[in-house]
Protein chains: 2
Amino acid sequence: MSLRFAILGFLSVRPLTGYELKQTFDRSVRHFWSADQAGIYRALGELARDGFVQFERVAQATRPDRKVYEITESGVTALVAWLAEPPETPARREPLLVKLFFASRLNAASFRDLLQAELTAVESELAAFADYAAVMSARFDTLDVSAQSALLGPAITLTNGALLGVAYRSWLVGLLARHDDVSLSVTALLDDVRNALGNA
Amino acid sequence: MSLRFAILGFLSVRPLTGYELKQTFDRSVRHFWSADQAGIYRALGELARDGFVQFERVAQATRPDRKVYEITESGVTALVAWLAEPPETPARREPLLVKLFFASRLNAASFRDLLQAELTAVESELAAFADYAAVMSARFDTLDVSAQSALLGPAITLTNGALLGVAYRSWLVGLLARHDDVSLSVTALLDDVRNALGNA
DNA sequence: ATCATATATATGATATTGCATATATGTGTT
DNA sequence: AACACATATATGCAATATCATATATATGAT
């Protein structure tokens, strides 16, 4: 469901083709919403069927025709209504946490490898966020005041990614440190929980 | 895929029925892996077909027969192998962030409502974590040393939930504060990002 | 020369998910 | 008396999601 509205959101900024939408998703919202290429084309078909978007076919010399989609008035209405609705809360799925939940069945080396690989992944994600912040900052300076406000949403979600990413990294680093100096114990972890939650 | 192995994980502790598995999921791993009741029964069927579990039918007076599933030797092997494998990284789906990404189309009240509702949800989640920590702590004291190690995994994932939950709450509280004193701006947010990522 | 990548849209097949519903009965609540 | 909730398993169906593949060509890399 959200995919359709995320597409409407992007089209409310400017008309795009399915191909460009895929790139846009990958560049901007990938860390909290990834979209499958086939899914985008299917969703565009449904949105057109429902009258929320319309497209113009643009012929090209050597490549397939572009279908440039633009949002309709009823599309804007639907988008704005959806944005204000309470969000769905889809099931969280964290395979790594499932594995760690059964940590007592893992040997020390495998346990460490899992954490280390995740740490590497998070660090590259954080590096990507830093780049993204720099790009946004530069872009911001080139825009006039009215256009700058369009960057507010992206900046909000970027902040989310950065803050949560940093917390996630601390958690991983803490676990690895505890694991390496053999202080990884239930009591130590429960103390961490109490500390975090601010209970004495 | 992970559902099947999560089930194997629980069955590696002790034999359970599908009904009990559903309760177990809801009580222990719900915040990072929620399981559908129908899905559990279907997964049990597949695991039995693959020889990873077997069940014993236990007749009951007034209720349907219980089917008590236990893990087989090949099930344990498969579980241990899966645990050490690099985890899949399923697509993250955060409808709230999608909505916030298009924040410039939201009026101030709706924007605030979204954040406030999420904050309420997070706070009750954090309260649940505090309870869970207390329960685990009490349980820990009643167990002998060998059994205590089985709580390590649950303590690890609980720590994850608590630390990330607290970070998420800070993010929400910060946004609400900025929103209320009209300091919610792209430049302020980008500064937050730079601060979090530790770049001067 | 060959291979990968980019541009551009689309379908088929499968996998997974979630939701509703069916069956059967005891207990507790309003 | 009616209704919700707990116990217990299971199927049907619709909605999504994911993966592979098809078509066509240009450009850049090895």
Side-chain angles (χ1 to χ4, degrees), chain A residues 1-7 10-11 15-27 29-30 32-50 53-69 87-95 98, chain B residues 1-7 10-11 15-27 29-30 32-50 53-69 87-95 98:
Chain A
M1 219 21 16
S2 298
L3 172 59
R4 293 213 259 279
F5 290 103
I7 289 173
F10 284 118
L11 294 183
L16 293 165
T17 67
Y19 190 85
E20 289 166 336
L21 273 166
K22 170 62 176 158
Q23 295 178 316
T24 304
F25 271 92
D26 286 348
R27 260 187 269 116
V29 299
R30 203 190 188 180
F32 59 88
W33 195 279
S34 67
D36 180 62
Q37 177 262 358
I40 289 172
Y41 282 103
R42 268 190 263 257
L44 282 170
E46 291 154 6
L47 287 168
R49 184 201 61 202
D50 295 344
V53 301
Q54 49 190 219
F55 63 88
E56 202 188 340
R57 198 175 278 275
V58 178
Q60 297 195 113
T62 66
R63 303 188 202 289
D65 294 359
R66 289 157 58 87
K67 286 168 79 173
V68 181
Y69 287 86
E88 297 134 70
T89 45
R92 245 175 248 174
R93 307 210 160 272
E94 303 276 357
V98 174
Chain B
M1 221 13 22
S2 298
L3 172 60
R4 294 212 260 278
F5 289 103
I7 289 173
F10 285 119
L11 294 183
L16 293 165
T17 66
Y19 191 84
E20 290 166 335
L21 272 167
K22 171 61 176 159
Q23 296 177 317
T24 305
F25 271 92
D26 286 349
R27 259 186 270 117
V29 298
R30 203 188 187 182
F32 57 88
W33 194 278
S34 66
D36 180 61
Q37 177 260 1
I40 289 172
Y41 283 102
R42 267 190 267 259
L44 282 170
E46 291 154 5
L47 287 168
R49 185 200 61 201
D50 296 344
V53 301
Q54 49 189 221
F55 63 89
E56 203 188 338
R57 198 175 277 275
V58 178
Q60 296 194 112
T62 66
R63 304 188 201 288
D65 294 358
R66 288 159 57 87
K67 286 168 79 173
V68 181
Y69 287 86
E88 297 134 70
T89 45
R92 244 175 249 175
R93 306 207 162 273
E94 304 276 358
V98 174

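What you see is a predicted model; the values in this text were computed from it and never measured. Proteins get letters first, then strands, A, B, ... in listed order; numbering begins at 1 in each.
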Whole-Å distance between D/dT7 C1' and B/Leu21 CG? 15 Å

In whole Å, what is the span from the CG atom of A/Asp26 to the P atom of C/dT7? 12 Å

Comparing nearest nucleotides in DNA chain C, the 5'-proximal residue of the pair A/Arg42, A/Asp65 is A/Asp65

Could you grab the distance from atom OH of B/Tyr41 to atom CG of B/Asp36, nearest 0.5 Å is fine? 11.5 Å

Are any side-chain N or O atoms of B/Tyr19 and backbone N or O atoms of B/Gln37, one a donor and one an acceptor, separated by less than 3.5 Å? no

Whole Å only: how far is the CD atom of A/Glu88 from the C1' atom of D/dT16? 12 Å

Counting only side-chain N and O atoms of A/Gln37, is one of them less than 4.0 Å from OP1 or OP2 of D/dT18? no

Give one of base, sugar-phosphate or nothing for B/Gln23, where a contact means two heavy atoms less than 4.0 Å apart. sugar-phosphate

Mind checking A/Ala91 for me? I need base, sugar-phosphate or nothing, with any heavy atom below 4.0 Å counting as a touch. sugar-phosphate

Please verify the inter-ring angle class for A/Phe10 with A/Phe25; under 30° counts as parallel, over 60° as perpendicular, anything in between as tilted. perpendicular

Compare every heavy atom of A/Ile7 with every heavy atom of A/Ile40, then report the nearest pair and how far apart it is. O-CD1, 4.1 Å

Given C/dT9, is OP1 or OP2 found less than 4.0 Å from the side-chain N or O atoms of A/Tyr19? no

Heavy-atom nearest nucleotide on DNA chain D for A/Ala35 versus B/Arg66: which residue maps closer to 5'? B/Arg66

Output the rounded distance in Å from NZ (A/Lys22) to P (D/dC19). 11 Å

Provide, to the nearest angstrom, the distance between the CD1 atom belonging to A/Ile7 and the C1' atom belonging to C/dT9. 14 Å

Distance in angstrom units between B/Asp36 CG and D/dC13 C1', rounded: 13 Å

Check whether any side-chain nitrogen or oxygen of B/Tyr41 sits under 4.0 Å from OP1 or OP2 of D/dT9, and answer yes or no. yes

Closest-nucleotide 5' rank along DNA chain C - winner of B/Ser34 and A/Thr17: A/Thr17

What's the CZ-P distance between A/Arg49 and C/dA10, to the nearest Å? 15 Å

More than 12 heavy atoms from other groups under 6.0 Å of CZ on A/Arg93: yes

Would you kindly give the CD1-to-P distance between A/Ile40 and D/dC19, to the nearest whole Å? 14 Å

Should D/dT30 form a Watson-Crick or G-U wobble pair with both distances under 3.5 Å, which nucleotide is its partner? C/dA1

Contacts of A/Glu46 and A/Ala38 projected onto DNA chain D by closest heavy atom; the upstream (5') one is A/Glu46

Within a reach of under 6.0 Å around CD of A/Glu56, are more than 12 heavy atoms found that belong to other residues, nucleotides or ligands? no

Under 4.0 Å between any heavy atoms, over every strand shown, what does A/Arg93 touch: base, sugar-phosphate, or nothing? Just pick one. sugar-phosphate

Tell me what B/Gly18 touches on the nucleic acid: a base, only sugar-phosphate, or nothing, going by heavy atoms under 4.0 Å. sugar-phosphate

A/Lys67 side-chain N/O to C/dA10 phosphate OP1/OP2 under 4.0 Å: yes

